[in-house]
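As a basis for the values below, the full set of heavy atoms in this structure was taken, side chains included, without hydrogen atoms, waters or symmetry mates. Each chain gets a letter, A, B and so on, in the order its sequence line appears, and its residues count up from 1.
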Protein chains: 2
Amino acid sequence: MPRVSIDVMLRDEILDPQGQAVERALPSLGFTGVAGVRIGKHIELTLAGDGTDVRATVEAMAATLLANPVIERFDWRVED
Amino acid sequence: MPRVSIDVMLRDEILDPQGQAVERALPSLGFTGVAGVRIGKHIELTLAGDGTDVRATVEAMAATLLANPVIERFDWRVED
């Protein structure tokens with residue numbers, strides 16, 4: 001029953017207004033020197049089974065439902 | 001210039017309608033056996049400096065701006 005984490009982020013060439021808003025808010029809260037803020041989705045889920053075909057399942061799910069490959073990229077990993 | 005990733009998730013006892021919607025959509029797309037879907041935010045940012053006080057800075061930022069500690073928890077890690 002592997003627990004999988006998937007991070008879905010806008011591609012680097014796509015504007016990220018949410019990240020820009022956070023980046024502009026941080027100095028007024030006293031946090032200076034923060035750059036390149038990007039905000040995306042973090043998805044956690046549990047797969048049934050013994051962990052075979054995790055790669056195929058997760059990448060198919062991410063590409064068809066969780067991310068829009070035109071504007072987003074995803075990374076995933078198995079959590080302990 | 002450490003690159004930091006912060007995952008902000010609703011606490012386990014807080015209802016996650018977005019995760020439930022994805023969990024219900026997956027079987028109709030042919031993905032069975034997926035449970036416990038939770039969806040939160042994934043934030044990437046670059047800190048200026050040589051990496052001292054990363055823990056204090058990141059945890060203060062997360063607790064004051066990036067997460068609402070009443071309903072959300074966060075994990076963070078330094079990338080590469």
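- B/Leu65 pairs by the side chain to side chain contact (heavy atoms under 4.5 Å, CB included) definition with A/Val22, A/Ala25, A/Leu26, A/Leu29, not counting sequence neighbours.
- Under the 4.5 Å side-chain heavy-atom criterion for grouping Ile, Leu, Val, Met, Phe, Trp and Tyr, A/Val37 is not connected to A/Leu10 through any hydrophobic cluster.
- Residues B/Leu15 and B/Ile39 do not share a hydrophobic cluster, clusters being chains of Ile/Leu/Val/Met/Phe/Trp/Tyr side chains in contact below 4.5 Å.
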Are there any donor-acceptor pairs closer than 3.5 angstrom between chain B and chain A, and if so, which ones?
unit_1  : atom_1 : unit_2  : atom_2 : d
B/Arg3  : NH1    : A/Gly36 : O      : 2.9
B/Arg3  : NH2    : A/Gly36 : O      : 3.2
B/Asp7  : OD1    : A/His42 : ND1    : 3.3
B/Gly33 : O      : A/Ala48 : N      : 2.7
B/Ala35 : N      : A/Thr46 : O      : 2.9
B/Ala35 : O      : A/Thr46 : N      : 2.8
B/Gly36 : O      : A/Arg3  : NH1    : 2.9
B/Gly36 : O      : A/Arg3  : NH2    : 3.2
B/Arg38 : N      : A/Glu44 : O      : 2.8
B/Arg38 : O      : A/Glu44 : N      : 2.8
B/Gly40 : N      : A/His42 : O      : 2.7
B/Gly40 : O      : A/His42 : N      : 2.9
B/His42 : N      : A/Gly40 : O      : 2.9
B/His42 : O      : A/Gly40 : N      : 2.7
B/His42 : ND1    : A/Asp7  : OD1    : 3.3
B/Glu44 : N      : A/Arg38 : O      : 2.8
B/Glu44 : O      : A/Arg38 : N      : 2.8
B/Thr46 : N      : A/Ala35 : O      : 2.8
B/Thr46 : O      : A/Ala35 : N      : 2.9
B/Ala48 : N      : A/Gly33 : O      : 2.7

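- A/Val8 and B/Val34 fall within a single hydrophobic cluster, where Ile, Leu, Val, Met, Phe, Trp and Tyr are joined by side-chain heavy atoms under 4.5 Å apart, directly or via other members.
- There is no contact between B/Met1 and chain A, counting heavy-atom distances below 4.5 Å.
- By the rule that hydrophobic residues join a cluster once side-chain heavy atoms approach within less than 4.5 Å of another member, A/Ile14 and B/Ile43 end up as members of separate clusters.
- Under a hydrophobic-cluster definition in which Ile, Leu, Val, Met, Phe, Trp and Tyr are linked whenever side-chain heavy atoms come within less than 4.5 Å, directly or via other members, B/Leu45 and A/Met9 are assigned to different clusters.
- Proximity to chain A (any heavy atom under 4.5 Å) is restricted, for B/Leu66, to the side chain, taken from C-beta onward.
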